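To start, the structure itself, in structure tokens.
This structure is a prediction, so every number in the text was calculated from the model and none was measured.
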Amino acid sequence: KRVVAYGAVDELNSQLGVAVCLVHSAIGAQSADPSWVALRDRLVHVQGELFTLGAELATPPDSPLPGKPSSVTAGETSCLERWIDDATAPVPPLTGFILPGGDPVASHLHVCRTVCRQAERHAVALADHTPLNPQILIYLNRLSDLLFAWARLANHLANAAETAWKSPGAP
């Protein structure tokens, strides 16, 4: 369970690396719009935090190894919550469910969101069997919400339409 949990976080970090590359391309196409630059910088920041989080997951609590990794803190989660507010502010409010898609950056951020949810599920499974810093679970939960907000922001910045979900029986 431990290897699966930190492996899922590593996969998320790699997917975020792809998102960073896509944002970098958007920066080139959008004449370095400050909103794209901020998104890129924040994605890279999260990658660093995920590296720490993955190291914490990989290290058993009773590990005799010196130099245990830093712990994920409530302060890092609070930062994610502020970023959710920042990303949500310029975007029209949701009036229903949306389908993942739109701009390539947004589409990939939706992929990152689902990989984050998977990492969260694996961390929860690990926590059922061994003591785990509870901030890890909170962080991953808030990060998936942030990735959704960033996907919506990316569509907004790219002037890409979001596709509303319609029930199969709806007109």
Side-chain angles (χ1 to χ4, degrees), residues 1-24 34-63 65 67-94 97-98 100 105-157 162:
K1 293 191 183 300
R2 182 172 302 284
V3 172
V4 173
Y6 70 75
V9 170
D10 187 38
E11 180 181 354
L12 171 58
N13 211 338
S14 296
Q15 291 287 356
L16 287 174
V18 174
V20 169
C21 291
L22 291 170
V23 171
H24 187 72
S35 297
W36 285 112
V37 173
L39 177 58
R40 180 202 56 206
D41 293 348
R42 288 176 176 188
L43 283 164
V44 170
H45 181 87
V46 167
Q47 283 188 287
E49 290 180 343
L50 284 175
F51 197 86
T52 300
L53 189 149
E56 188 174 354
L57 283 173
T59 307
D62 58 351
S63 174
L65 298 174
K68 284 181 134 178
S70 301
S71 293
V72 176
T73 68
E76 291 159 337
T77 302
S78 293
C79 181
L80 298 183
E81 290 172 352
R82 285 190 307 277
W83 289 351
I84 290 169
D85 293 341
D86 292 348
T88 305
V91 177
L94 281 174
F97 294 109
I98 59 168
V105 173
S107 297
H108 197 74
L109 287 168
H110 279 294
V111 170
C112 292
R113 174 184 54 80
T114 63
V115 173
C116 186
R117 288 282 188 213
Q118 179 181 358
E120 180 184 10
R121 289 190 303 272
H122 290 307
V124 166
L126 177 61
D128 286 344
H129 295 292
T130 188
L132 194 65
N133 173 358
Q135 288 301 318
I136 289 174
L137 303 179
I138 296 166
Y139 181 93
L140 289 171
N141 179 270
R142 299 313 296 149
L143 179 57
S144 64
D145 289 345
L146 176 58
L147 292 166
F148 178 79
W150 278 344
R152 295 201 67 227
L153 177 63
N155 273 333
H156 177 75
L157 294 173
E162 293 178 315

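With sequence neighbours left out, the side chain to side chain donor-acceptor pair (under 3.5 Å) criterion links R2 to no other residue.
The shortest distance between side-chain heavy atoms of L22 and L109 does not fall below 4.5 Å. Contact annotation: the side chain of L16 never approaches that of V115 to less than 4.5 Å [non-hydrogen atoms, C-beta and beyond]. The closest side-chain heavy-atom distance from V9 to N13 is not below 4.5 Å. At a threshold of 4.5 Å between non-hydrogen side-chain atoms, the residues R113 and P100 count as touching. Residues L50 and L143 meet the side-chain proximity criterion, which asks for heavy atoms closer than 4.5 Å. Here the side chains of R40 and V37 are in contact, with some heavy-atom distance below 4.5 Å. Side chains of N133 and L53 form no contact here, defined as non-hydrogen atoms less than 4.5 Å apart.
A pairwise comparison of heavy atoms in C116 and S144 identifies SG-N, 3.6 Å as the closest pair. Of all heavy-atom pairs spanning V91 and A87, the tightest one is CG2-O, 3.3 Å. When every heavy atom of V46 is checked against every heavy atom of W150, the shortest pair comes out as CG2-CH2, 4.0 Å. Smallest separation of non-hydrogen atoms from A119 and A8: CA-CB, 3.7 Å.
Considering CD1 of I98 and CD of E162, their distance stands at 4.0 Å, rounded to 0.5 Å. If you take SG on C112 and CZ on R117, they are separated by 13.5 Å, rounding to the nearest 0.5 Å. One finds the CD atom of E120 at 11.0 Å from the CG atom of L12 (value rounded to the nearest 0.5 Å). To the nearest 0.5 Å, the span separating CG on D145 from CD on E81 amounts to 9.0 Å. Between the OH atom of Y139 and the CG atom of L146 there is a distance of 8.5 Å, given to the nearest 0.5 Å. Between the CG atom in L140 and the CD atom in Q135 there is a gap of 11.0 Å [rounded to 0.5 Å].
Between R142 and T77, the side chains place no donor N or O within less than 3.5 Å of an acceptor N or O (distance only, hydrogens not considered).
T88 contributes no side-chain N or O that, together with a main-chain N or O of D85, makes up a donor-acceptor pair within less than 3.5 Å. Judged by distance alone, the side chain of H108 and the main-chain N or O of Q15 form a donor-acceptor pair under 3.5 Å.
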Might you work through the side chain to side chain contact (heavy atoms under 4.5 Å, CB included) test for L147 and T114, ending with a clear yes or no?
-> CA-CA 9 Å; L147 292 166; T114 63; over 6 Å; no

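A salt bridge is absent between K1 and D128: the closest approach of a Lys/Arg side-chain nitrogen to an acidic carboxylate oxygen does not fall below 4.0 angstrom.
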